[in-house]
Amino acid sequence: MIEKLNAIRRQAEKEMNKVASYGELNDLRVKYLGKKGELTAVLRGMGSLSPEERPQVGQAANQVRSDIEKILEVRGNELKEQQLQESLKKETIDITLPGQNIFIGRKHPITLVIDQIKEIFLGMGYTISEGPEIELDYYNFEALNIPPEHPARDMQDSFYISDEVLLRTHTSPVQVRTMEKTVPQVPVKIICPGKVYRRDDDATHSPMFHQVEGLVIDKGISMGDLKGTLLTFARQMFGEDRQIRLRPSYFPFTEPSAEVDISCMMCGGEGCRVCSHTGWLEILGSGMVHPRVLEMSGYNPEEVSGFAFGMGVERVALLKYGIDDMRLLFENDLRFLTQF
Ligand code: PHE
């Protein structure tokens, strides 16, 4: 019987050294030491032993049990350590591998241009003002001295929502809304960026586009102030050697009115395809605020005067970035947008 016990121990040791996981080792614990295990089976046979033999076999069996327990413990620790090492290995990060690219969004060229226009005018002491895109006829036309029969009010140009309400066709209504709030204080120095809507849609027009309005009111404001302001703007926006020129024009809400051209940045004024060989590019409409407009908003045209201008942001973006089709600005093709 002692021989049998020793054989069990040898067999147990051999098998336990072979297992590869903690789970398998536990199976062997049951196989050898469990209630239905091999050692228990041998001990059950002890009844047939003589009283002299019994203590010796009992002792040997206890020895084998504790030997097997020791093997289980040592082997268990080895396996646990091995499993820990393996899981650590799996978690290891190779910090020399190239990183994964994260797609980062960017600003649309229209937003870039508006940001830059704001920056330039903030630098000249202007504040930023905003108004609604859904506007009353009164602010969009009436208070800007646009009489009912004026072509700008034609249903062809404006998106009307009702008799009194429309999508604003320009940012000029913000002039009036601002003056109503500031009157009778001066100076007023604001720019107003925003979306405007007109009923045309072709290669050079979109039914929605952006404008930035400017308004200055103070005592003794003259056309010279307008010209100086726009020259400063043109040079910061398009380069230090830009020139500007004012061409007489007509807007119902300014008198006198002028359209402003800048010397072409492509050819420096020599004449090229971009400027249709004139050397000049039109960038905005402007003028001295009409006395009637000042009056309707509550200012006294005998005491104060002002200038206003309105520029098309898309037009500025096309010129600044040398883009030849305005539709690119609205199609949102990433191959185009990621270039800015
Ligand atoms: N509102 C005019 C337009 O949309 C531009 C403008 C603004 C002209 C301010 C003069 C003064 O064409």
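Just so it is clear, the model here is predicted, and its values are computed rather than measured. Counting starts at 1 for both ligands and their atoms, following the listed order.
- At a 3.5 angstrom cut-off on N or O pairs, H170 counts as close to ligand 1.
- Distances below 4.0 Å separate heavy atoms of G310 from the following atoms of ligand 1: 6 (C), 7 (C), 9 (C).
- At least one heavy atom of Q175 lies less than 4.0 angstrom from ligand 1.
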Quiz item: Step by step, would you call F159 with T169 a side-chain contact (heavy atoms from CB on, under 4.5 Å)?
Solution: CA-CA 8 Å; F159 288 108; T169 59; over 6 Å; no

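- Classification of the F253-H170 ring pair by plane angle, with boundaries at 30° and 60°, yields perpendicular.
- Taking a cut-off of under 4.0 Å to the non-hydrogen atoms of F253, the atoms of ligand 1 that pass are 1 (N), 2 (C), 6 (C), 7 (C), 8 (C), 9 (C), 10 (C), 11 (C).
- Looking only at atom types and distance, the side chain of E180 has no donor-acceptor partner in the side chain of S297 under 3.5 Å away.
- Taking every heavy atom of both residues into account, R199 and S158 meet most closely at CD-O, 3.1 Å.
- Looking at R198, M311, E213, M288 and measuring to atom 3 (C) of ligand 1, the nearest heavy atom belongs to R198.
- The salt bridge (charged side-chain N to carboxylate O under 4.0 Å, His left out) check on D261 picks up R245, R247, with sequence neighbours excluded.
- For the pair R177 and Y139, the distance from NZ or CZ to the six-membered ring centre is under 6.0 Å and the angle to the ring normal is within 45 degrees.
- Close approach of ligand 1 to S172 is summarised as follows: ligand atoms under 4.0 Å from at least one heavy atom of the residue are 1 (N), 7 (C).
- Residue contacts with ligand 1, taken as heavy atom pairs separated by less than 4.0 Å, do not involve S257 at all.
- With a heavy-atom cut-off of 4.0 Å, E259 does not touch ligand 1 at all.
- Side-chain contact, Q82 with E78: no donor N or O sits under 3.5 Å from an acceptor N or O.
- Numbered from 1 in the order shown, with element, the atoms of ligand 1 that lie under 4.0 Å from a heavy atom of Q211 read 3 (C), 4 (O).
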